[in-house]
Amino acid sequence: MKNYTIALIPGDGIGPEVVAEGVKVLQAIEKADDAISFSFTRYPWGCEYYLENGKMMDADGMEKLKSADAIYLGAVGYPGVPDHISLRDLLLRIRKEFDQYVNLRPVTLLHPTLTPLKSKTERDIDFLVIRENSEGEYAGVGDWLYRGKPEEVVLQTGVFSRKGTERIIRYAYEEARKANKTLTSVSKGNALNYSMVFWDEVFEEVGKEYPDVKTYSYLVDAASLYFVSNPERFGVVVTSNLFGDILTDIGAAITGGMGLATGANVNPEKNYPSMFEPVHGSAPDIAGKGLANPLAAIWSVSQMMDFFGEKQWGSTILKTIKKILNEPEQLTPDLGGKRSTSEVGDRFVELLLERN
Ligand code: NAD
Ligand code: IPM
Ligand code: MN
């Protein structure tokens with residue numbers, strides 16, 4: 001019997017609504033599989049916690065999370081607390097301090113009706129974006145000088161270390177080799193004459209060790225175009241923190257929207273827990289109404305199972321997402337259905353437990 005400890009951070013807005021459905025799925029797995037059990041610890045951290053306590057997490061919060069096998073997070077951020085405080089002190093802090101430098105965001109069309117792209121099918125839209133997740137444009141380095149004065153100056157410095165750049169690019173080459181897919185690097189060396197020129201050089205340098213991997217290198221503006229016009233060009237994509245953030249929302253747009261996009265924040269060395277979360281935010285516009293699509297958060301559970309080495313469950317969850325997408329009336333309104341968040345979760349569990 002394998003027991004996995006999971007730290008739950010439901011967070012804000014629709015975060016708790018979708019995490020509840022993911023937990024339903026985990027509990028169904030536990031019931032169905034005698035070899036697996038889960039221990040959950042729930043942390044109430046987020047914007048409400050901040051308004052009560054003046055901080056986004058307990059002072060020893062990182063210490064508390066350290067022993068978990070995985071963190072399962074909903075969403076962070078809500079009107080009333082400045083985003084740069086709520087996100088930097090909770091979500092981004094965990095990604096950085098737990099050295100979750102790999103962000104795995106699949107862009108995979110799971111059902112042909114979900115893409116707004118004319119004449120594109122599941123065969124055309126099936127790639128993996130590997131986003132650098134620990135430094136780059138998100139390093140949090142800068143200054144705000146002469147605040148409020150006419151000579152005011154703001155600096156936000158991108159940080160691209162040799163170690164940080166090499167390890168994410170190497171990870172991507174390994175993934176591309178394993179999957180026998182092409183690898184595309186997305187950068188912007190024509191304008192960002194230090195960071196992105198360096199990125200491109202490292203991409204070429206590391207590539208010498210992977211002569212079997214076919215590579216492409218695109219500027220981020222052109223890559224944005226190709227995400228929409230020619231998604232079939234992509235196999236594995238590696239890019240910087242900010243570019244990866246933006247590109248994966250385009251990825252969501254071509255595969256069914258924010259309700260279906262997932263991301264895993266991985267520390268490959270397993271020195272720290274990895275964190276699984278939907279790509280979407282707290283969606284204040286639909287929070288508390290049962291309108292949130294839980295399938296992104298459920299796909300995160302699939303990524304978590306894969307990470308644990310429970311590949312059978314990882315793929316069963318993904319197959320079940322495809323199954324439920326065949327029942328349009330069983331879906332939430334963002335996908336054209338009439339069901340609530342928890343009704344989708346209930347139906348999902350029924351389908352998950354159906355044999356074949
Ligand atoms: P958002 O992802 O919360 O919402 C964007 C749009 O997608 C909205 O129209 C929303 O209704 C819709 N949407 C999102 N998730 C959905 C779901 N599961 N089902 C159906 N529709 C869904 O992005 P935003 O509005 O830019 O940000 C809101 C807040 O969330 C901000 O505070 C932002 O900083 C934060 N945020 C957090 C995360 C995170 O925790 N990982 C990610 C993105 C944004
Ligand atoms: C995401 C989010 C975060 C990011 C924000 C909330 C800081 O947009 O996970 O995509 O930019 O990484
Ligand atoms: Mn984002």
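Side chains included, hydrogens not; waters and symmetry mates left out as well; all remaining heavy atoms used. Numbering of ligands and ligand atoms starts at 1, following listing order.
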Quiz item: Is it true that a side-chain atom of Gln100 and a backbone atom of Val102 form a donor plus acceptor pair closer than 3.5 Å?
Solution: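 Not confirmed, Gln100 side chain does not pair with Val102 backbone.
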Quiz prompt | Val279 and ligand 1 - part of the residue with a heavy-atom distance under 4.0 Å | solution =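 Under 4.0 Å from ligand 1, Val279 contributes backbone atoms alone.
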Exercise. Heavy-atom distances under 4.0 Å are what count here, so tell me which part of Asp12 touches ligand 1: side chain, backbone, both or neither.
Key: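 It is neither; nothing of Asp12 touches ligand 1.
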How far is [atom] from its nearest protein heavy atom, and which residue and atom name does that atom have?
atom                    : result
atom 10 (C) of ligand 1 : Asp285 OD1, 3.5 Å
atom 29 (C) of ligand 1 : Ser282 OG, 3.2 Å
atom 39 (C) of ligand 1 : His280 O, 3.8 Å
atom 21 (N) of ligand 1 : Ile286 CD1, 3.6 Å
atom 33 (C) of ligand 1 : Asp83 OD2, 3.5 Å
atom 40 (O) of ligand 1 : Val76 N, 2.9 Å

Short check: is a protein heavy atom less than 4.0 Å from [atom]?
atom                    : answer
atom 17 (C) of ligand 1 : yes
atom 44 (C) of ligand 1 : yes
atom 37 (C) of ligand 1 : yes
atom 24 (P) of ligand 1 : no
atom 2 (O) of ligand 1  : yes

Practice problem: If a pair satisfies salt bridge (charged side-chain N to carboxylate O under 4.0 Å, His left out) and one of its residues is in residues 211-233, list it, with sequence neighbours excluded. | Solution: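 Residue pairs passing salt bridge (charged side-chain N to carboxylate O under 4.0 Å, His left out), neighbours aside: Lys120-Glu232, Arg177-Asp212, Lys188-Asp221.
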Self-check item: Pair Arg93 + Asp89, salt bridge at N-O below 4.0 Å
Solution: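 Salt bridge flag = no for Asp89 with Arg93.
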Quiz item: Can we say Asp69 and Lys2 salt-bridge, meaning some charged N sits less than 4.0 Å from an Asp/Glu carboxylate O?
Solution: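 Looking at Lys2 together with Asp69, the answer is no, because their closest N to O distance does not fall below 4.0 Å.
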Quiz item: Is the closest N or O pair between Arg95 and ligand 1 shorter than 3.5 Å?
Solution: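 There is no such contact.
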Quiz prompt | For atom 8 (O) of ligand 2, the option (of Ile246, Asn265, Asp245) bearing the nearest heavy atom | solution =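 Answer by nearest heavy atom: Asp245.
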Quiz item: What atoms of ligand 2 come within less than 4.0 Å of a heavy atom belonging to Arg105?
Solution: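 Taking each heavy atom of Arg105 in turn, ligand 2 has 1 (C), 9 (O), 10 (O) under 4.0 Å.
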Quiz prompt | Shell of protein N/O/S atoms around the Mn ion (ligand 3), taken as anything under 2.8 Å | solution =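 Near the Mn ion (ligand 3), the protein supplies Asp245 OD1.
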Quiz item: At their closest point, which heavy atom of Asp200 faces which heavy atom of Ser217, and how far apart are they?
Solution: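 It is OD1-OG, 4.2 Å.
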Quiz item: For Ala296, is the nearest heavy atom under 4.0 Å from an atom of ligand 1?
Solution: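 It does not; every heavy atom stays at 4.0 Å or beyond.
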